Amino acid sequence: MTTTVPRFEELAAPSHWRTVDFISDLHLQASEPATVDAFTHYLAHTRADALFILGDLFEVWVGDDAIAEAGSFEAQGCAALAAASKRMPVYFMHGNRDFLAGPGFAQHCGITLLADPTVLSFAGQRYLLSHGDLLCIDDVDYQRFRVQARSSAWQQQFLSQPLATRRAQARGIRQESEARKQSGASYADVDQTAAAAWLHAANARTLIHGHTHKPATHTLAPGLQRVVLSDWDAAALPPRLETLRLSAAGLERIELTPTYQPS
């Protein structure tokens, strides 16, 4: 499967921004309280001037109406985001797990939905931001599903079901995904040629993305690089809790410390 170069949205950072943080692939869920606690602690204490969440913040998002369900995990997560958005701009890009997060989610949290991909202009440089899944072109089955699931018809059909039904379907999808990981199945990585083509088209030198859970910096060509964000797992040994911080000096990986204390 091949991919055409998409149209890029543009976002110019205000002149007063000094530091910008990027995170992705936290896969927040109630069954992993240590990661949830690390995220809420980070939101309350980061000194970044803006936060960009590049997809898969939640393990699954079954619809914005889940926020209104009393005591729901979605409501708790949104409360933390809403508090943070009162102190700094928060931008959210859809991932392959939370692509159903919609305008209701954004309005409730006070955050801005970001198109995938988007070019961020900051300190005289252009940075191309993406979740990254669209660039994994060798994963043919997933790319076909992605086209289907991003269609308005598919989403309308799914969201028309009762919330309990959607939650049950999401549990089934998670179980299938976990079984595939446990089996040792390999996943397609970002296509280097496609990534370089995106950068050339966007007139940018650096691509920042998540999705693959393989944090690293790759040289694509002279002057072109892609920087892969880390996933989060506070219970792992060692813990994986990292932000990517952008300042006028460049990019820096920031390791966070787990904060969760079991009761």
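Since the model is a prediction, treat every value here as computed from it, not as a measurement.
Using a distance-only test at 3.5 Å, with no hydrogens or angles considered, no donor-acceptor pair links the side chain of Trp17 to the main chain of Phe122. Panel note: side chain Arg126, backbone Ser121; no donor-acceptor pair is recorded below 3.5 Å. Side chain of Gln143 to backbone of Asp133: a donor-acceptor contact under 3.5 angstrom is found. With hydrogens and angles ignored, the 3.5 Å screen pairs no side-chain donor or acceptor of Gln169 with any backbone N or O of Arg166. Judged by distance alone, the side chain of Asp98 and the main-chain N or O of Ala101 form no donor-acceptor pair under 3.5 Å.
Taking the six-membered ring for Trp and the full ring otherwise, Phe105 and Trp61 have centroids separated by under 6.0 Å.
Tracing side-chain contacts under 4.5 Å through hydrophobic residues (I, L, V, M, F, W, Y), one reaches Met88 starting from Ile53; they form part of the same cluster. Residues Tyr91 and Leu81 fall into different hydrophobic clusters, defined by Ile, Leu, Val, Met, Phe, Trp and Tyr side chains chained together at heavy-atom separations under 4.5 Å. Hydrophobic clustering of Ile, Leu, Val, Met, Phe, Trp and Tyr side chains at less than 4.5 Å, counting indirect connections, keeps Leu26 apart from Val228. Follow the hydrophobic side-chain contacts under 4.5 Å out from Ile173 and you never reach Phe145; the two are in separate clusters. Neither Phe92 nor Leu134 shares a network with the other; the hydrophobic side chains, linked directly or stepwise wherever heavy atoms of I, L, V, M, F, W or Y lie under 4.5 Å apart, form separate groups for each.
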Only pairs under 3.5 Å count here: list side-chain donor-acceptor contacts from residues 43-52, not counting sequence neighbours, and write none if there are none.
| from | atom 1 | to | atom 2 | distance (Å) |
| --- | --- | --- | --- | --- |
| His45 | ND1 | His41 | O | 2.8 |
| Thr46 | OG1 | Asp21 | OD2 | 3.2 |
| Thr46 | OG1 | Ala48 | N | 3.2 |
| Asp49 | OD2 | Arg18 | N | 2.5 |
| Asp49 | OD2 | Thr19 | N | 3.0 |

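Residues Thr243 and Leu256 form a side-chain contact, since some pair of their non-hydrogen atoms from C-beta on lies under 4.5 Å apart. Taking 4.5 Å as the limit, some side-chain heavy atom of Asn96 sits within range of a side-chain heavy atom of His131. A heavy-atom distance below 4.5 Å is found between the side chains of Leu120 and Phe22. Counting only heavy atoms from C-beta outward, the side chains of Leu57 and Phe39 approach each other to under 4.5 Å. Counting only heavy atoms from C-beta outward, the side chains of Val119 and Glu9 never approach each other to under 4.5 Å. Here the side chains of His200 and Leu224 are in contact, with some heavy-atom distance below 4.5 Å. Between Leu129 and Leu54 the shortest side-chain heavy-atom distance falls below 4.5 Å. In this structure, the side chains of His209 and Thr212 come closer than 4.5 Å at one or more pairs of heavy atoms.
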Checking side-chain contact (heavy atoms from CB on, under 4.5 Å) for the pair Tyr42/Thr259: CA distance, chi angles, key distance, verdict?
-> CA-CA 9 Å; Tyr42 161 77; Thr259 55; over 6 Å; no

Given the rule in the side-chain contact (heavy atoms from CB on, under 4.5 Å) test, do Leu28 and Trp232 qualify, once you have shown the distances and angles that lead to the verdict?
-> CA-CA 9 Å; Leu28 297 178; Trp232 282 33; 6.0 Å; no

Test Thr206 against Val227 for side-chain contact (heavy atoms from CB on, under 4.5 Å), laying out the working first.
-> CA-CA 7 Å; Thr206 300; Val227 181; 3.9 Å; yes

Applying side-chain contact (heavy atoms from CB on, under 4.5 Å), run through Ile208 and Leu229 and close with a yes or a no.
-> CA-CA 7 Å; Ile208 300 173; Leu229 302 173; 4.0 Å; yes

Could you check Lys214 against Asp25 for salt bridge (Lys or Arg N to Asp or Glu O under 4.0 Å), going step by step and ending with a plain yes or no?
-> CA-CA 11 Å; Lys214 297 176 181 178; Asp25 299 277; over 6 Å; no

Steps toward salt bridge (Lys or Arg N to Asp or Glu O under 4.0 Å) verdict (Arg245, Glu252) = CA-CA 5 Å; Arg245 181 158 295 170; Glu252 178 186 10; over 6 Å; no

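Closest approach of Pro239 to Pro258, counting heavy atoms only: CG-CG, 3.6 Å. For the residue pair Val5 and Ala201, the shortest heavy atom distance occurs at CG1-CB, 3.5 Å. Minimum interatomic distance between Ser85 and Ile111 (heavy atoms only, all atoms of both residues): CB-CG2, 4.1 Å. Scanning both residues, Ile67 and Cys78, for their nearest heavy atoms gives CD1-SG, 3.7 Å. Between Ala80 and Thr40, the closest heavy-atom pair is CB-CG2, 3.8 Å. Minimum heavy-atom separation, Leu135 to Ala195: CD2-N, 3.8 Å.
Atoms OG1 and CG, on Thr217 and Leu244 in that order, are 8.0 Å from each other to the nearest 0.5 Å. Rounding to the nearest 0.5 Å gives a distance of 7.5 Å between CD1 of Ile137 and OG1 of Thr193. Atoms CZ and OG, on Arg167 and Ser72 in that order, are 6.0 Å from each other to the nearest 0.5 Å. In this structure, Leu199 CG and Leu207 CG are separated by 5.5 Å, a value rounded to the nearest 0.5 Å. Taking OG of Ser230 as the reference point, atom CZ of Arg253 lies at 7.5 Å (rounded to 0.5 Å). Expressed to the nearest 0.5 Å, how far OG of Ser130 lies from CZ of Phe8 amounts to 9.0 Å.
Between the side chains of Gln155 and Arg150, no donor-acceptor pair of N or O atoms lies under 3.5 Å. Of the N and O atoms on the side chains of Thr219 and Gln225, not one donor lies less than 3.5 Å from an acceptor on the other residue. Between His211 and Asp56, the side chains place no donor N or O within less than 3.5 Å of an acceptor N or O (distance only, hydrogens not considered).
Ion pair Arg7/Asp116 not flagged as a salt bridge, since none of the NZ, NE, NH1 or NH2 atoms sits closer than 4.0 Å to an Asp/Glu carboxylate oxygen. Taking 4.0 Å as the cut-off between side-chain N and carboxylate O, Glu59 and Arg171 do not count as a salt-bridged pair. Under the 4.0 Å criterion applied to side-chain N and carboxylate O atoms, Arg240 and Glu255 are not assigned as salt-bridge partners.
Applying the 6.0 Å contact sphere to CZ of Arg146 captures more than 12 heavy atoms from other residues, nucleotides or ligands.
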